[in-house]
Each structure stands twice: as structure tokens, then as C-alpha cells.
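If you're wondering where the values come from, they're calculated on a predicted model, not measured in any experiment. Computation of the quantities below employed the complete heavy-atom set of this structure, encompassing side-chain atoms and omitting hydrogens, waters and symmetry-equivalent molecules.
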Amino acid sequence: MTDDAGFALCHVRGLGKPLTGPAVHALSVPRAQRCKRRSAWPGTGGSVRPIGPMLKDWPNDCPPGWYVWWTLFEDQHGLCALCTSPPHIIDHDHSTDLIRGLLCRACNSYEPFCCFPAYAASPPAGGRRWRYG
């Protein structure tokens with residue numbers, strides 16, 4: 001079993017069969033072979049990971065959604081910025097439009113009403129100054 005996000009989450013959550021063989025990333029498993037529980041598979045932000053190396057930086061402050069998603073997905077090791085669930089949403093500050101990080105659906109719904117001081121002070125995308133939009 002592995003601790004990396006997106007690896008065999010269905011088995012980690014207790015379907016009972018022990019894992020055998022080398023670990024593979026969940027998104028590399030064909031859809032027909034995946035567990036039918038939707039919550040067991042990490043989100044992709046609706047975009048396919050481009051082949052080849054990612055640019056280290058985007059030339060302006062409003063990169064495309066696929067670039068934001070995959071850069072933060074790698075930075076956050078496939079985890080929500082607030083918990084250990086797979087992320088599904090690009091979170092941003094609605095007053096400034098600055099992107100903060102990737103969150104799961106539950107944390108995204110709690111975030112406006114709860115206080116997450118460490119996340120607010122140092123979000124995963126904070127230093128990049130990317131704008132949502």
C-alpha cells in the first residue's frame with residue numbers, strides 16, 4: 001500500500017482485498033477497471049494532463065485552468081490542501097480573484113464559513129499570484 005494520493009484509494013478505504021504488484025497512479029487505470037465508487041478516484045479538474053514536462057512558470061498572471069490544476073495537483077501531491085481527500089475544485093479568493101489551491105468538495109463548502117489560518121496565511125498557490133478566470 002502507498003501513501004501517495006491517488007494510489008489505490010479504493011483499497012485504502014477498506015474494500016478488503018490486499019493490494020498486490022507495483023503501485024500505479026489511479027488515473028492510469030482504465031475507467032472500466034476502476035471501482036464504481038466515484039469518491040474513490042481523484043479529480044482531474046476536467047482536464048487531461050499534457051504529455052511532456054510542464055512549464056516552470058506561466059508568462060502572465062492568468063494561466064489556463066489545466067495548467068493551474070496540474071501544477072497544483074503535483075505541488076499538493078494529489079491531495080486537498082486542507083485534508084487528505086482527492087481535490088476536485090480550484091479554490092480562489094472571491095474578493096481578489098487570487099487562486100489559493102485545490103480543495104475537495106467538502107472543504108470547499110466549509111472554507112467560507114470556517115477558519116483555516118494556516119491555509120489562509122500560506123496557500124499552495126499563494127506565491128504565484130495567479131488570478132482565477
For residues [X] and [Y], determine if any side-chain heavy atom of one lies less than 4.5 Å from a side-chain heavy atom of the other.
{"X": "Leu103", "Y": "His88", "value": "no"}
{"X": "Trp130", "Y": "Leu72", "value": "yes"}
{"X": "Cys104", "Y": "Pro86", "value": "no"}
{"X": "Pro87", "Y": "Trp69", "value": "yes"}

Looking only at heavy atoms, what is the nearest atom pair of [X] and [Y], with distance?
{"X": "Gly101", "Y": "Ala125", "answer": "N-CB, 4.4 Å"}
{"X": "Ala120", "Y": "Pro123", "answer": "O-CD, 3.7 Å"}
{"X": "Val68", "Y": "Pro63", "answer": "CG2-CG, 3.5 Å"}
{"X": "Ala81", "Y": "Gln76", "answer": "N-NE2, 3.4 Å"}

Are [X] and [Y] in one and the same hydrophobic cluster, where Ile, Leu, Val, Met, Phe, Trp and Tyr link if side-chain heavy atoms are under 4.5 Å apart?
{"X": "Ile89", "Y": "Leu79", "answer": "no"}
{"X": "Leu102", "Y": "Tyr119", "answer": "no"}
{"X": "Phe73", "Y": "Trp66", "answer": "yes"}

Worksheet item: Which residues satisfy the side-chain hydrogen bond (donor to acceptor under 3.5 Å, both in side chains) test with Asp75, sequence neighbours excluded?
Response: Arg128
Worksheet item: Is a side-chain N or O of Ser109 found less than 3.5 angstrom from the main chain of Ala106, in a donor-acceptor match?
Response: yes
Discussion item. If we ignore hydrogens and angles and just use 3.5 Å, is the side chain of Ser122 paired with the main-chain N or O of Ala118 as donor and acceptor?
Written reply: no
Fill in: Residues Arg129, Asp61: salt bridge by 4.0 Å N-O rule
no
Fill in: Electrostatic pair Asp91-Arg100, nearest N-O below 4.0 angstrom
yes
Practice prompt. Determine the interplanar angle of the His92 and His94 rings, folded into 0 to 90°, and report it as parallel if under 30°, tilted if 30 to 60°, perpendicular if over 60°.
Written response: tilted
Worksheet item: Should we say atom OH of Tyr132 is surrounded by more than 12 heavy atoms from elsewhere, each under 6.0 Å from it?
Response: no
